[in-house]
Number of protein chains: 2
Amino acid sequence: MARGSETRSKIMDVAQAAILAKGFEATSIEEIVAGSEITRSGFFYHFPDKNALAHALIKRHIEVENELFGRAAALGEGPLQTMLIGLKLMAELLDDMPNGHPGCIVATAAYQDRLFNRDVRDANKRAALGWRSRFRGMFEDIVATHRMRDDVDIDQLADMVSAIIEGGLILSRAVDEPSVTAQQVRLLQSYVKLLFAPEPGL
Amino acid sequence: MARGSETRSKIMDVAQAAILAKGFEATSIEEIVAGSEITRSGFFYHFPDKNALAHALIKRHIEVENELFGRAAALGEGPLQTMLIGLKLMAELLDDMPNGHPGCIVATAAYQDRLFNRDVRDANKRAALGWRSRFRGMFEDIVATHRMRDDVDIDQLADMVSAIIEGGLILSRAVDEPSVTAQQVRLLQSYVKLLFAPEPGL
DNA sequence: AAAAAACCATACTCGTGGTACAGTAAATCT
DNA sequence: AGATTTACTGTACCACGAGTATGGTTTTTT
């Protein structure tokens, strides 16, 4: 089984790199198989169609992100610090590989709705809802111990993390300035600070 | 000349509606000509290719947005109020037609980079930079009269408006909740308030 | 009336996604 | 060791959408 899953993940690696660089539609199967050193037939052996590939990529991305945030959570002392450190780490990560963030895949899927089947759209939705619940949990811990300076909905606040990242990625691509995404995350950090931090400093 | 430009804008209307609903790639020329009551030949008479169509749509969108924000600017009293009202109007507009906002086109273009030629990408870039300079101007007026509670870059703050809108649109589509985009804009309003408003209230 | 602009009709090429199916090398099972 | 399954290769084919070519027709403008 080792050989099979190796090829499979190689296909996914090549595909992901290409998709993040040029978009899903613009990435042809021909190109993927060329980079993966297999044949068209080989591709269709592993993935019944392009949809299945997108589905697999989103699924894998969720797992990667989950472990990443698990590590981040262990670093902070209080819930607010955890959140701020998490955002800082995220910003640094985005600085390192600005267009490598797999959030792009979700965005692509979101804007190419009818192009994908229900499986892919559902996976996409689960990803977004997963982020919401994760960040919601973190913000709940914060409001339990800190006073909120403005009355905002926690679910919406949780969504803001994803929205800022996705929007930052788009803007970053549009103006061709890779640093934009990380900057936006840092602005979100500033907002969280203003919302919850007791003193103006820190 | 009236007849020609009428057909042209009808093509663009139909195309825009379809693209916003299903994405650029998923919208076929066949479909556009069917909705526009012309033939394929007619389409290619007005637009040399699909790229030209995208270009025209982005260009038109910029003009529409410019006039919209011109009106919004006349409503506020001080610069901060103008900004807050502007964001409020924007949120209401997004509530009314959540997926109708043409920002989607820019986002689509951003994520389908290689699919478009330089013309389209440049138009897209100009759109994003236009937003930046517009909002930057507004924020500059604010910092001239208000104290900033956190030291953030004004260009980045200006970008945040676009980022929140684009990100909100993506998230809204991903989780299939049309209200998300407007909520995110209102959160941005909350941030601006916390950043600049002298008292906690108002 | 002449010329240009705004189309229509038809037929073709080419790239890409996807299917079908026959064959083969290597790992796994019995 | 032989049989079966897994993981592929190779070839041939279909459908569909973008784009080209070209010649003809109607409408508007001059």
Side-chain angles (χ1 to χ4, degrees), chain A residues 1-19 21-57 105 108-109 111-121, chain B residues 1-19 21-57 105 108-109 111-121:
Chain A
M1 215 189 286
R3 180 164 151 253
S5 61
E6 233 175 69
T7 338
R8 198 182 141 93
S9 61
K10 178 160 192 183
I11 294 174
M12 288 171 67
D13 290 342
V14 172
Q16 177 162 327
I19 290 172
K22 334 191 298 187
F24 185 76
E25 265 287 314
T27 302
S28 69
I29 293 178
E30 207 70 42
E31 184 188 346
I32 296 172
V33 304
S36 313
E37 289 165 337
I38 50 159
T39 61
R40 263 171 66 84
S41 310
F43 175 86
F44 282 108
Y45 173 79
H46 285 286
F47 303 97
D49 52 24
K50 239 183 156 189
N51 263 299
L53 173 65
H55 185 72
L57 284 174
I105 294 175
T108 303
Y111 266 113
Q112 304 281 309
D113 236 33
R114 307 295 150 83
L115 205 137
F116 297 100
N117 62 21
R118 176 154 297 160
D119 261 24
V120 178
R121 292 202 302 272
Chain B
M1 216 189 284
R3 179 164 153 252
S5 63
E6 232 175 69
T7 340
R8 197 183 141 93
S9 62
K10 179 158 192 184
I11 294 174
M12 287 171 67
D13 291 342
V14 172
Q16 177 162 327
I19 290 172
K22 335 192 297 188
F24 185 75
E25 265 288 314
T27 302
S28 70
I29 292 177
E30 207 69 42
E31 183 189 345
I32 296 172
V33 304
S36 313
E37 289 165 337
I38 48 157
T39 61
R40 266 170 65 82
S41 310
F43 175 86
F44 282 107
Y45 173 78
H46 286 285
F47 303 98
D49 52 24
K50 243 182 153 188
N51 263 298
L53 173 64
H55 185 72
L57 284 174
I105 294 175
T108 302
Y111 266 113
Q112 304 281 310
D113 236 33
R114 308 296 150 84
L115 206 138
F116 298 100
N117 61 21
R118 174 153 299 159
D119 262 22
V120 177
R121 292 202 302 272

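Values below: every heavy atom of this structure, side chains too, minus hydrogens, waters and symmetry copies. In what follows, chains carry the letters A, B, and so on, assigned in the order in which the sequence lines appear, proteins first and then strands, with residues in each chain numbered from 1. What you see is a predicted model; the values in this text were computed from it and never measured.
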query = How about B/T27 and B/I32: do any of their side-chain heavy atoms sit closer than 4.5 Å?
reply = yes
By nearest atom, which of the nucleotides [options] is closest to the [X] side chain?
X: A/D49; options: C/dC8, C/dG18, D/dC8; answer: C/dG18
X: A/I29; options: D/dG17, D/dG19, C/dG18; answer: C/dG18
X: A/S28; options: C/dT16, D/dG19, D/dC8; answer: C/dT16
X: A/F44; options: C/dC8, C/dG18, D/dT20; answer: C/dG18
X: A/T39; options: D/dG19, C/dC7, D/dT9; answer: D/dT9

ask   = With no angle test and no hydrogens, is the base of C/dA9 tied to the side chain of B/S41 by a donor-acceptor pair under 3.5 Å?
value = yes
Can you check the [X] [atom1] to [N] [atom2] distance for me, whole Å?
X: B/E37; N: C/dC8; atom1: CD; atom2: C1'; answer: 15 Å
X: B/E25; N: D/dC16; atom1: CD; atom2: C1'; answer: 13 Å
X: B/F116; N: D/dA18; atom1: CZ; atom2: C1'; answer: 14 Å
X: B/E30; N: D/dG19; atom1: CD; atom2: C1'; answer: 12 Å
X: A/N117; N: C/dG18; atom1: CG; atom2: C1'; answer: 14 Å
X: B/Y45; N: D/dG24; atom1: OH; atom2: C1'; answer: 15 Å

message = As a quick check of understanding, evaluate side-chain contact (heavy atoms from CB on, under 4.5 Å) for B/I29 and B/L53, giving each step before the final call.
response = CA-CA 10 Å; B/I29 292 177; B/L53 173 64; over 6 Å; no
query = Is there a side-chain contact (heavy atoms from CB on, under 4.5 Å) between A/E25 and B/F24 once you walk through the steps?
reply = CA-CA 10 Å; A/E25 265 287 314; B/F24 185 75; over 6 Å; no
request  = Answer with base, sugar-phosphate or nothing: what part of the nucleic acid does A/G42 contact at a heavy-atom distance below 4.0 Å?
outcome  = base
note = By nearest-nucleotide position on DNA chain C, the 5'-leaning member of B/R40 and B/R8 is B/R8
message = Using only atom types and a distance under 3.5 Å, with no angle test, would you say the side chain of B/N117 pairs donor to acceptor with the backbone of B/V120?
response = yes
